[in-house]
Protein chains: 4
Amino acid sequence: MRAERKEREFNLRRAAILQEAEKIFSAKSYHDVTVAEIANASGFAIGSLYQFFESKEHLYTTMISEKLDLMYAGIRAEVNSVKDVLAKIARLVEAHLMFIENNTDFCRIFLRGENDALSEMMTSLREKLIDDYFNHIAFVEGILKTGIKNGLLRSLPAHAVGSALIHLIRSAASEWMLRPSGEALLAKKDFILDIFFNGVKKHD
Amino acid sequence: MRAERKEREFNLRRAAILQEAEKIFSAKSYHDVTVAEIANASGFAIGSLYQFFESKEHLYTTMISEKLDLMYAGIRAEVNSVKDVLAKIARLVEAHLMFIENNTDFCRIFLRGENDALSEMMTSLREKLIDDYFNHIAFVEGILKTGIKNGLLRSLPAHAVGSALIHLIRSAASEWMLRPSGEALLAKKDFILDIFFNGVKKHD
Amino acid sequence: MRAERKEREFNLRRAAILQEAEKIFSAKSYHDVTVAEIANASGFAIGSLYQFFESKEHLYTTMISEKLDLMYAGIRAEVNSVKDVLAKIARLVEAHLMFIENNTDFCRIFLRGENDALSEMMTSLREKLIDDYFNHIAFVEGILKTGIKNGLLRSLPAHAVGSALIHLIRSAASEWMLRPSGEALLAKKDFILDIFFNGVKKHD
Amino acid sequence: MRAERKEREFNLRRAAILQEAEKIFSAKSYHDVTVAEIANASGFAIGSLYQFFESKEHLYTTMISEKLDLMYAGIRAEVNSVKDVLAKIARLVEAHLMFIENNTDFCRIFLRGENDALSEMMTSLREKLIDDYFNHIAFVEGILKTGIKNGLLRSLPAHAVGSALIHLIRSAASEWMLRPSGEALLAKKDFILDIFFNGVKKHD
DNA sequence: GATGAATGAGCGTTCATTCAT
DNA sequence: GATGAATGAACGCTCATTCAT
C-alpha cells in the first residue's frame, strides 16, 4: 500500500536524523548544538526537521528516550535468555558493557547526564529517565531477590544492591571512556563480577 | 587596616554570590541560568557580578572548582586523621557521604556531570575535573595498596578497585538524591562498606 | 535559473541595506548607530542583517570599502578616457567633484575621517583606506610626472603636488558641504584648476 | 588668599587631566576611551573627574575646544606680528605647521575628525568647530583681501582662496602624519607657499 | 573633598521556529 | 511536501555616572 510505503520512508528518515543527532549531541552540550547543525548533518532542510519533531527539545528527548528503551529492552532480553541467577547477573554485566562499547557516543551523553536536569521544560524526560532507571534497578532487584531466596546471595537490601551493581558497571565504563586504553570494555566483566560477588577483603 | 577589611568584605560578597549561584545552577542547566538571575538572587546588580567574576563562565567554573577542591581536601584530611587501613576506608566513605549530605545542591550539579561537555572554552574545567577525579582515585589507590601489602585486602588492581569504591558511594548518593527517604545518607555507610569488603555472594 | 535569481535578489537587498546604512552612518558616529536602527531603516529584522553581513563592523567596513573602490575606479576611468595631461587633470577634478556631489552622505562619513581610529579590529580598514589614498595619489602623481616631462608643468615633487591637488578639491568640498549655497559643487572646478595651475600671486 | 590658591590648584589638576585625555583620545576613538582610563592615566579617582567635568562628553569637548582656541589664537598672534601681506601668509603657514608639529597627538584627533559628527548631543561642539573654522578662514580672507587690494594677489574669491590655503597646509600635514619621514613638517613651508603663490603650471 | 564599588540601561549577536515560495 | 530566509526575543557584557563612605 502507498501509505505504508510513506510511513516506512518517514521512519527511515526519522531514524537517520536521530542517528546524526546522537553523534552531534554526544560531542557538545544540548545548548551548543544548533538545529541547523543537525539538519545539515542529516541532509535535510531546517524546516524539514520540524516535520519529524515538534521542536529541538522533542528531538533530543526522543533520541535519548528511544535509545534508552532499546538499551533496557536489549539488556533484559539477554538476561532473560538464561535461567540461572548467577548467569543472569553475568549476562547483565556483559550486556551492559557491550551496549556501552557499541554506543559510546550515546553513552557519553547519557552517562554524562546521569538522570540530568536540563531545561525546566524537560522535566518529563527527566522523570522518564528516573523511572526507567528505577525500573531497571527493580528488574535487577528481582534477580537478586531470587538469588537471596535460593541461598546464593547474602541477605542484603536488594534494591541497594542492584543500584550498587549498576554503579560498579558504570565505574568501569567511566574509566574506559575517560581513559581509553585500547582494551575492550568487556574485558572488565570478570573483575566487576568478582568485586560484586566477593568484595575486596581477604578472608582467610 | 582598611585594605584588610575591604578584602574581607569582598570575599564575603564573593562567597555569597557563589552560594546563590550554586543553588541556581543546581536547579537548571548552565545555559538556562541567566546572569541577571544570579545577580538578582544574590542581591547585586548585574554589573556588580562582573567585579567578582570575569564572566558567567568564570563564575561557574570557579564555583565548581573551589568547592570541589574543598571537598577533596576535606575528605583527605579526614582519611589522613586515622592510621589503620580499614579505618581509613571507612572514613573515606563517611566523609564522602557527609559532604554529599551537606552539599546537596552542589552535588546535584556535579554528579549530574553536565560539566563534561559545556563550551569549548570550558575545556580547562573539564580537564581539572578529570584530573582531580583521577588524583582522588590515586589517593584511594594508595590506601588500597597498603591494605593489599598488609594482607588485609585481596590482590586486585588497585586503581579499578578505587574507582569501584567511589562509584559504590555514588550509587548510594544517587538513590538518596533521586528518592529522598528522609533517612540520613550517612546511614548507608555500613552497607557500602559491607558490599565493598564482602561482596554479595554467600560463602558457606 | 533559480539560483541566479536568488543571488540577484540577495544582492539587491544587500545593496539596499548598504544604502540605508550609508545614510545613517553619515548622520552620526559609528558607535551612535545601532544595528536595530539600520535593520529598521532598511525594513529587515535585526537577525536578517546578519545574513548579509557578519557583524556591525563588517557592514560598516564593507560599505566604506565598496563605495570607495567604486569612487576610485570611476574617477580613474574618467581620467583615462582623455589623453592630454591638462585634460586629465581637469577630468580628475571634475570626476571628484561629481562623485562628492552625488554621494554627499557617503562623503560626509569619509571626509569626516572617523574611519581612522575605530576599534582595533578595524585596523585593516584603516590600512586599506590609507593604501587606497596613497594609490590614488600615486595615480595622480603619474599624470603630473608626464606633465613635467612634457614641459607643461613645473618641476616640483610630484607626490606632494598630487596630494595638494586632492586637498584643493577637498577644500572646495568641505566648503560646499559645510555651507550649502545651492550652487553645484561642480561649479568650483575652474576655480580649483585656476589656483592649482596658476597660484594666487599676480605676475606682471 | 586661600580661595585663589584653591583655584590655581584646581586649574592645574584640570589641565593635567586634559593633557592626559588628549593623549588618550588621540590613540583611539571617543567611544573606545573609557572614563576610568582617563582617570587612571591622570592619577585621579573616577569620581574625581566629575568635579572637573560634568561628563565624558564635556571633558572631550572642552579639551578639543580649549586647545583649538589656543591654536587659533597662537597662529593669529604670530601672523599679526608681521605687517607685510606676503610675510603674513608665510607666517600663517609656518605657525600652522609648527603647531601641528608640536601637537601631533591633538592634531591626530582634530584633523581626523574634520568638523566631526560625534554624538547627537555634541552638536554644540560641532557648531563651535565649524564656527571657529570659518572665523579662521575669515581671518585669512582679510589678509588675502588686503593682498588683492595691494595688487599683490590675483583678484580671486578670497574666502575660497583662504580655504584652499588651509587645505594646502592640511595636505602637507596629512602626508607628514600618515607617512612619517623623519623630516620636520616645517620643511614643507616653502613648497606650500610656492604652490599657493605660483601654481604648478610652467609659464614661459 | 575624594573615592571607587555599585548600578542598570543598552548594546551586538544568536538561533529555535515559522511560513511564503 | 520541502525549503531556508526571515524573525525577534533573549542573552552576556560594558561603562558612564552616582553616592555612601
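Order of the sequence lines sets the chain letters (A, B, ...), proteins ahead of strands, with each chain counted from 1. Quantities reported herein were computed from a predicted structural model and do not represent experimental measurements.
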Whole angstroms only, please: what is the NE2-C1' distance between His58(B) and dT14(F)?
17 Å
Side chain of Gln51(D) only, please: which of dA16(E), dC15(F), dA2(E) is the nearest?
dA2(E)
With the side chain of Ile46(A) defined as its heavy atoms from C-beta on, choose the nearest nucleotide among dA16(E), dT14(E), dG4(F).
dG4(F)
Spacing of Phe53(D) atom CZ relative to dT17(F) atom C1', expressed in whole Å
16 Å
Inspect the contact between Lys67(C) and Asp105(C) and indicate whether a charged nitrogen and a carboxylate oxygen are less than 4.0 angstrom apart.
no
Value in whole Å for how far the C1' atom of dA6(E) lies from NZ of Lys6(B)
12 Å
Pairing donors with acceptors under 3.5 angstrom, does anything connect the side chains of Thr61(D) and His58(D)?
no
Which nucleotide wins on minimum distance to the side chain of Ala45(D), given the candidates dG4(E), dC13(F), dA16(F)?
dG4(E)
Under 4.0 Å, heavy atoms only, any strand: does Ser48(B) hit a base, just the sugar-phosphate, or nothing?
base
Between CD1 of Ile38(C) and C1' of dC11(E) the distance, given in whole Å, is 13 Å
When Lys56(A) and Glu54(C) are each assigned the nearest nucleotide of DNA chain E, the 5'-most assignment goes to Glu54(C)
Is dT21(F) paired to anything, Watson-Crick or G-U wobble with both distances less than 3.5 Å, and if yes, which nucleotide?
dA2(E)
Validate the cation-pi geometry between Lys56(B) and Tyr30(B): distance from NZ or CZ to the six-membered ring centre under 6.0 Å, angle to the ring axis within 45°.
yes
What's the CG-P distance between Leu59(D) and dA16(F), to the nearest Å?
11 Å
Mind checking if Tyr50(D) touches a base, just sugar-phosphate, or nothing, with heavy atoms under 4.0 Å?
base
Rounding to an integer number of Å, can you tell me how far Phe44(C) CZ sits from dG4(F) C1'?
15 Å
Has Glu37(B) got a side-chain atom pairing as donor or acceptor with Thr34(B)'s backbone, closer than 3.5 angstrom?
yes
Tell me: OH of Tyr30(C) to P of dC11(E), nearest whole Å?
13 Å
Pair assignment for dC13(F), Watson-Crick or G-U wobble, requiring both distances under 3.5 Å:
dG10(E)
Any side-chain N or O of Arg13(B) below 4.0 angstrom from OP1/OP2 of dA5(E)?
no
Over how many whole Å does the gap from Phe52(B) atom CZ to dC13(F) atom P extend?
16 Å
Please check if atom CD in Glu66(C) has more than 12 non-hydrogen atoms from other residues, nucleotides or ligands closer than 6.0 Å.
yes
